[in-house]
Amino acid sequence: MFRFRLQRVLELRQEAEQAKSRSLADARAIAEDATRAREALVDMQRNSRAQASAAAQRTVRVGHFATVEVVMRSLDERLTSADEQVQQAEGAVADAQSELDAAARDRRVLDRLKERHADVWRAAEAHKDRLQMDEIALARFGRSQDSRDGARASSEVQVGAQPRASTRNDGPNR
């Protein structure tokens, strides 16, 4: 059974990557909220300008123009503040994205290392299996040779009891 020595470190890296992913999702949600708030202020400013220009074409009191001017300035300030919030939120998203990228890279390094170790382990196990199979085959071959030699020796003993004709030629008739 393969066991990766750095498995706990890999698990911690995976958890860190998941936490960074959640942080990125939170930062994106905040950025989207800030963008929606900014867009609402832009719409409000656009409507206020339209109402101010419509009021300018009618006869209105001076106090009304002063009030509209104060409201427009306030909207401009709030819009500037909203722009800054959107930029900060987008910066937080970019930071969270880079942190997530770094965490993912760190985890991938350990994943590749684990895979390499697993490959080496599998190769070593396959080599051990081949050596065992070779030993078994050699043992069987040795036993079969011994049994053949034993059978041959016993047949020679039985055959050896009978006189054998000499095949040796020692010269002319002897």
Side-chain angles (χ1 to χ4, degrees), residues 1-43 78-174:
M1 181 82 170
F2 173 69
R3 180 162 159 68
F4 184 50
R5 291 183 310 120
L6 300 174
Q7 184 63 37
R8 183 64 183 140
V9 174
L10 177 59
E11 291 168 359
L12 290 173
R13 296 267 171 97
Q14 289 170 337
E15 290 172 12
E17 182 180 4
Q18 290 171 354
K20 301 293 182 186
S21 179
R22 286 189 295 273
S23 295
L24 176 61
D26 293 344
R28 283 183 177 161
I30 291 170
E32 288 173 3
D33 290 345
T35 301
R36 276 195 294 275
R38 181 189 173 282
E39 289 171 355
L41 285 173
V42 167
D43 287 343
R78 289 175 62 191
L79 188 57
T80 302
S81 174
D83 285 338
E84 290 172 1
Q85 288 177 347
V86 167
Q87 287 176 352
Q88 289 174 351
E90 288 174 352
V93 167
D95 292 344
Q97 181 67 50
S98 65
E99 288 176 7
L100 176 61
D101 292 343
R105 184 179 51 249
D106 291 345
R107 182 199 41 83
R108 282 191 306 267
V109 166
L110 282 176
D111 278 340
R112 285 192 301 266
L113 182 62
K114 179 181 180 179
E115 191 58 37
R116 270 190 257 140
H117 282 221
D119 289 344
V120 168
W121 179 82
R122 281 190 289 272
E125 287 297 308
H127 181 70
K128 285 180 194 175
D129 288 345
R130 279 193 302 275
L131 288 177
Q132 269 186 328
M133 296 306 289
D134 289 349
E135 286 178 21
I136 291 169
L138 284 174
R140 283 185 180 173
F141 178 75
R143 274 187 260 136
S144 70
Q145 286 297 83
D146 289 345
S147 66
R148 283 186 195 152
D149 290 345
R152 196 176 297 139
S154 68
S155 70
E156 284 180 7
V157 168
Q158 291 171 357
V159 173
Q162 300 172 357
R164 294 178 97 192
S166 175
T167 56
R168 205 161 108 191
N169 189 1
D170 289 339
N173 297 330
R174 233 185 171 208

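Between E17 and the choices R108, R22, R107, the salt bridge (charged side-chain N to carboxylate O under 4.0 Å, His left out) rule is met once, by R107.
The CD1 atom of I30 sits 11.5 Å away from atom OG1 of T35, with the distance rounded to the nearest 0.5 Å. Rounding to the nearest 0.5 Å gives a distance of 13.5 Å between CG of L10 and CZ of R5. The distance from the OG1 atom of T80 to the CD atom of Q85 is 11.5 Å, given to the nearest 0.5 Å. Taking CD of Q18 as the start and NZ of K20 as the end, the distance is 13.0 Å to the nearest 0.5 Å. Taken to the nearest 0.5 Å, the CD atom of E125 stands 11.0 Å off from the CZ atom of F2. Annotation: the span from L41 atom CG to R38 atom CZ amounts to 9.0 Å, rounded to 0.5 Å.
Under the salt bridge (Lys or Arg N to Asp or Glu O under 4.0 Å) criterion, the residue pairs touching residues 114-124 are E115-R122, D119-R122, with sequence neighbours excluded.
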Worksheet item: Passes side-chain hydrogen bond (donor to acceptor under 3.5 Å, both in side chains), Q97 versus D101? Steps please.
Response: CA-CA 6 Å; Q97 181 67 50; D101 292 343; 3.0 Å; yes

Item to complete: Tell me, with the steps shown, if H117 and V120 meet side-chain contact (heavy atoms from CB on, under 4.5 Å).
Response: CA-CA 5 Å; H117 282 221; V120 168; 5.7 Å; no

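Minimum interatomic distance between A31 and A89 (heavy atoms only, all atoms of both residues): CA-CB, 3.5 Å.
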